[in-house]
Amino acid sequence: MVKRICVASDNPVKTRAALRAFESMFHGETFELKTVAVTSGVADQPLSSEETLLGATQRSQRARESEVADYWVGIEGGIEDTPEGMTAFAWVVVRTSAGVGRGRTATFSLPSAVAELVRGGMELGDADDVVFDRENSKQKEGAVGLLTGNALDRARLYEQAVIAALIPFKNPKLYT
């Protein structure tokens, strides 16, 4: 039986991460992936972990309201200013008719040149494009890929968080 996944974004980085995560967690199962562009209900650049999680949660819920699927996936990238500097991360929320799973990516520090542009009102992806002289990096390697020389790109960063969000669905008897 084919399982239907609806990713609440048409960003190829997010859809690639979701599909790879599902295939990793559920070996031998077949998946059909749909995308739906929905709003997060938060700022274009979420400025805290709480706001970022809310954006991912609302994306997954709005996808559920828009498309028939077995799983609805919301992925939201965010930043947070801390005493140590500005950091970046993402939250993932996976929803089914039976429940919700959540996962968060690793957190990494942003360089001051990027952080200053973000503090000035620019989205992280746009700030990356300015600092690294790129175009549309948020649909490619993302900040983490630019900063690591693609040792870790945005899709692989998100993939781990999707896997973490799928844990309750891999172990349903433990998460009732």
Side-chain angles (χ1 to χ4, degrees), residues 7-22 24-25 38-63 72-95 100-168 170-171 175:
V7 178
S9 175
D10 55 10
N11 183 322
V13 169
K14 294 179 180 182
T15 57
R16 187 168 52 251
L19 184 58
R20 286 195 301 211
F22 274 85
S24 293
M25 282 292 274
V38 296
T39 60
S40 66
V42 299
D44 288 341
Q45 181 57 74
L47 300 176
S48 68
S49 180
E50 294 79 14
E51 184 180 12
T52 306
L53 176 57
L54 178 61
T57 301
Q58 291 180 156
R59 282 186 188 280
S60 69
Q61 181 59 40
R62 289 174 176 157
W72 297 272
V73 181
I75 302 174
E76 190 74 23
I79 57 98
E80 193 160 51
D81 247 331
T82 72
E84 294 78 34
M86 186 175 285
T87 61
F89 53 87
W91 273 101
V92 174
V93 175
V94 177
R95 184 179 301 276
V100 176
R102 294 170 190 83
R104 184 176 154 156
T105 67
T107 301
F108 60 96
S109 297
L110 295 171
S112 59
V114 172
E116 289 308 314
L117 292 172
V118 173
R119 286 184 192 108
M122 200 175 277
E123 283 186 56
L124 175 57
D126 296 331
D128 289 335
D129 289 347
V130 169
V131 171
F132 294 100
D133 193 28
R134 294 286 203 279
E135 189 174 306
N136 201 20
S137 62
K138 69 182 176 182
Q139 292 199 353
K140 297 175 187 163
E141 68 274 90
V144 71
L146 293 167
L147 292 167
T148 65
N150 282 321
L152 178 62
D153 66 18
R154 191 175 186 211
R156 288 188 18 230
L157 181 75
Y158 286 177
E159 183 179 342
Q160 293 178 354
V162 176
I163 288 170
L166 290 172
I167 290 172
K170 178 86 170 181
N171 302 278
Y175 292 86

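Numbers here simply count residues along the sequence, with the first being 1.
Between the side chain of Arg102 and the backbone N or O of Trp91, no donor-acceptor pair lies under 3.5 Å. Under the 3.5 Å distance criterion, the side-chain polar atoms of Arg134 are left unmatched by any main-chain donor or acceptor of Asp128. Without hydrogens or angle criteria, Glu51 side chain to Val42 main chain gives no donor-acceptor distance under 3.5 Å. Under a 3.5 Å cut-off, the side chain of Asp153 and the backbone N or O of Arg156 do form a donor-acceptor pair. With Glu76 contributing its side chain and Leu53 its backbone, the two residues share no donor-acceptor pair below 3.5 Å. With hydrogens and angles ignored, the 3.5 Å screen pairs a side-chain donor or acceptor of Lys140 with a backbone N or O of Glu135. Of the possible polar contacts, one joining the Glu80 side chain to the Ser49 backbone as a donor-acceptor pair under 3.5 Å is found.
For the atom pair Thr52 OG1 and Gln45 CD, the distance stands at 7.5 Å (nearest 0.5 Å). For the atom pair Glu159 CD and Arg20 CZ, the distance stands at 4.5 Å (nearest 0.5 Å). Taken from CG in Leu157 to CZ in Phe108, the straight-line distance is 6.5 Å, to the nearest 0.5 Å. Considering CG of Leu47 and CZ of Arg119, their distance stands at 11.0 Å, rounded to 0.5 Å. Distance check: Leu146 CG to Asp129 CG gives 8.0 Å after rounding to the nearest 0.5 Å. Atoms CZ and CD1, on Phe89 and Ile79 in that order, are 7.5 Å from each other to the nearest 0.5 Å.
Under the 4.5 Å side-chain criterion, counting only non-hydrogen atoms from C-beta, Val93 is not in contact with Gln58. Here the side chains of Ile75 and Ser9 are not in contact, with every heavy-atom distance at 4.5 Å or above.
In this structure, Gly77 and Tyr158 approach most closely via the heavy-atom pair CA-OH, 4.0 Å. Gly103 and Ala165 make their closest contact through N-CB, 3.6 Å (heavy atoms, listed as atom of the first residue, atom of the second, distance). Minimum heavy-atom separation, Gly74 to Ala8: CA-CB, 4.4 Å. For the pair Thr57 and Ser60, the tightest heavy-atom approach, listed with the atom from each and the gap, is O-OG, 2.8 Å. Closest non-hydrogen pair, Pro168 versus Gly101, comes out as CG-CA, 4.0 Å. Closest heavy-atom contact between Met25 and Ile163: SD-CG2, 3.6 Å.
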Check against side-chain contact (heavy atoms from CB on, under 4.5 Å), Leu124 and Lys138
CA-CA 8 Å; Leu124 175 57; Lys138 69 182 176 182; over 6 Å; no

Does Val94 form a side-chain contact (heavy atoms from CB on, under 4.5 Å) with Phe22? I'd like the steps, not just the answer.
CA-CA 11 Å; Val94 177; Phe22 274 85; 4.3 Å; yes

Test side-chain hydrogen bond (donor to acceptor under 3.5 Å, both in side chains) on Thr39 and Arg62 and set out the steps.
CA-CA 8 Å; Thr39 60; Arg62 289 174 176 157; 3.1 Å; yes

Take Gln139 and Arg154, measure what side-chain contact (heavy atoms from CB on, under 4.5 Å) needs, and give me the verdict at the end.
CA-CA 9 Å; Gln139 292 199 353; Arg154 191 175 186 211; 5.5 Å; no

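Other residues, nucleotides and ligands place more than 12 heavy atoms under 6.0 Å from the CG atom of Asn136.
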